[in-house]
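Following: one structure in structure tokens, then a few remarks.
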Amino acid sequence: KLKRMRQNVLKIWEEGKDQKLTQLLFCDLSTPKNDSNFNVYDDICKKLIAAGVPESEIEFIHNADTSEKAALFSKVRSGDVRVLLGSTAKMGAGTNVQQRLVAVHHLDVGWKPSDMTQRNGRIIRQGNMNKEVNVFNYVTEGTFDSYLFQTLENKQRFISHDYDQQIPGALLRRCG
């Protein structure tokens with residue numbers, strides 16, 4: 001799935017050069033710890049740079065503390081940073097970088113439906129210059145990814161369903 005993601009990121013990066021279009025990559029697992037251990041973020045970054053993406057156009061939200069986030073977000077909005085990687089916790093609510101966003105890539109599945117809604121809410125929002133955007137979900141068939149994605153869909157289906165039918169015979173109190 002990482003190979004497919006890199007292919008998609010590179011294609012969109014190349015096609016969006018003239019407009020300096022931007023992309024977000026969400027990954028809650030294997031976040032950078034600034035130690036010598038392997039993490040997905042560093043692997044993605046190294047391979048994107050090797051494929052021709054300038055290092056200055058790739059950033060990790062985890063490298064910006066609270067006081068530095070505004071400057072980082074400004075660079076994404078201007079298109080100076082074109083690929084931003086982060087976790088749901090660090091790059092979800094409060095991340096207003098939608099102006100040039102053309103793609104969001106989900107390398108893993110959020111634990112709650114609201115996580116995925118929050119992630120997608122970074123791109124599907126007012127103020128984006130792109131009338132069409134891409135949302136990629138990367139799931140490897142027959143792995144724990146598949147199980148998590150199915151579990152997330154079941155949770156959403158339950159939440160969205162009428163509770164009167166979900167819990168037969170249950171006494172429900174309604175407000176109003």
Side-chain angles (χ1 to χ4, degrees), residues 1-32 38-55 57-62 72-73 75-77 79 81-157 160:
K1 76 181 181 181
L2 288 175
K3 182 179 178 182
R4 171 67 71 185
M5 181 275 313
R6 279 191 313 275
Q7 291 169 341
N8 289 337
V9 169
L10 286 168
K11 180 177 186 265
I12 293 167
W13 176 81
E14 186 66 43
E15 291 172 352
K17 272 186 179 178
D18 293 341
Q19 294 176 309
K20 297 175 87 173
L21 299 181
T22 59
Q23 304 178 65
L24 297 180
L25 282 64
F26 280 97
C27 182
D28 290 348
L29 305 173
S30 189
T31 57
F38 173 86
N39 70 75
V40 172
Y41 286 66
D42 288 334
D43 184 64
I44 291 168
C45 185
K46 287 176 190 173
K47 289 178 179 168
L48 289 176
I49 291 168
V53 178
E55 186 174 0
E57 292 186 12
I58 305 168
E59 286 287 344
F60 302 163
I61 191 75
H62 298 80
L72 175 57
F73 293 167
K75 288 180 180 180
V76 176
R77 286 191 295 269
V81 169
R82 297 194 45 219
V83 179
L84 181 61
L85 290 87
S87 63
T88 305
K90 296 263 186 189
M91 200 164 65
T95 303
N96 297 312
V97 295
Q98 69 273 10
Q99 286 79 350
R100 295 175 186 276
L101 278 180
V102 70
V104 169
H105 305 264
H106 303 291
L107 295 174
D108 52 24
V109 181
W111 291 105
K112 303 176 289 193
S114 61
D115 290 343
M116 300 305 285
T117 300
Q118 188 60 243
R119 288 174 172 195
N120 289 335
R122 302 309 92 217
I123 192 169
I124 303 170
R125 63 189 313 170
Q126 197 169 9
N128 190 330
M129 66 186 255
N130 298 296
K131 292 183 182 187
E132 291 186 18
V133 297
N134 300 286
V135 176
F136 295 94
N137 294 300
Y138 299 94
V139 179
T140 305
E141 194 173 351
T143 66
F144 196 61
D145 285 348
S146 302
Y147 172 78
L148 287 176
F149 200 89
Q150 186 63 49
T151 301
L152 186 74
E153 283 182 342
N154 290 338
K155 288 178 185 179
Q156 183 60 55
R157 196 174 3 262
S160 300

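Enclosure of atom CZ in Arg125 by more than 12 non-hydrogen atoms of other residues, nucleotides or ligands within 6.0 angstrom is indicated. For Lys11, the NZ atom is loosely surrounded, since the number of other residues' heavy atoms within 6.0 Å does not exceed 12.
Between atom NZ of residue Lys75 and atom CZ of residue Arg82 there is a gap of 15.5 Å, rounded to the nearest 0.5 Å. Distance CG/Leu107 to CG/Leu29: 9.5 Å, rounded to 0.5 Å. Considering OG of Ser87 and CG of Leu85, their distance stands at 10.5 Å, rounded to 0.5 Å. With rounding to the nearest 0.5 angstrom, the CG atom of Asn96 is 7.5 Å from the CZ atom of Phe73. Rounding to the nearest 0.5 angstrom, the gap separating the CG atom in Leu84 from the CZ atom in Phe26 is 8.0 Å. For the atom pair CG (Asn137) and CG (Asp108), the distance works out to 10.5 Å, reported to the nearest 0.5 Å.
Here the side chains of Leu72 and Val81 are in contact, with some heavy-atom distance below 4.5 Å. Under the 4.5 Å side-chain criterion, counting only non-hydrogen atoms from C-beta, Asn39 is not in contact with Thr31. Taking the side chain as every heavy atom from C-beta outward, Phe60 and Asp42 approach each other to under 4.5 Å. Gln126 has its side chain out of reach of Gln98: every pair of non-hydrogen atoms, C-beta onward, lies at least 4.5 Å apart. Within the 4.5 Å cutoff, the side chain of Leu21 has heavy atoms near those of the Met129 side chain. With a 4.5 Å cut-off on side-chain heavy atoms, Val83 and Leu25 count as touching. Looking at heavy atoms from C-beta onward, Asp43 lies in side-chain contact with Arg6 at the 4.5 angstrom threshold. Side-chain contact between Tyr41 and Ile58: absent, with no pair of heavy atoms (C-beta onward) separated by less than 4.5 Å.
Counting all heavy atoms, side chain and backbone alike, Gly79 lies closest to Thr22 at CA-CG2, 4.0 Å. Shown here for Gln23 and Asn8, the closest heavy-atom pair between the two residues is OE1-O, 4.4 Å. In plain terms, the two heavy atoms of Thr95 and Arg122 that are nearest each other are O-NH1, 3.0 Å.
Counting only distance, with no hydrogens or angles, the side chain of Gln19 and the backbone of Arg100 share no donor-acceptor pair below 3.5 Å. A donor-acceptor pair is defined here as one N or O able to donate and one able to accept, closer than 3.5 Å; such a pair exists between the side chain of Asn130 and the backbone of Leu101. Gln118 places no side-chain N or O within donor-acceptor distance of the main-chain N or O of Thr88, the cut-off being under 3.5 Å.
Salt-bridge formation is not detected for the pair Asp115/Arg119: no Lys NZ or Arg NE/NH1/NH2 atom is positioned less than 4.0 Å from an Asp or Glu carboxylate oxygen.
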Please lay out, stage by stage, how Leu24 and Ile123 fare under the test side chain to side chain contact (heavy atoms under 4.5 Å, CB included). CA-CA 9 Å; Leu24 297 180; Ile123 192 169; 5.9 Å; no
Give the intermediate values and the outcome of side chain to side chain contact (heavy atoms under 4.5 Å, CB included) for residues His62 and Lys90. CA-CA 7 Å; His62 298 80; Lys90 296 263 186 189; 3.7 Å; yes
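Note on ring orientation: taking the six-membered ring where Trp is involved, the planes of Phe136 and His105 are parallel (angle under 30°, cut-offs 30° and 60°).
Shown are His106, Met5, Lys3; of these, the side chain to side chain contact (heavy atoms under 4.5 Å, CB included) with Tyr138 is made only by Met5.
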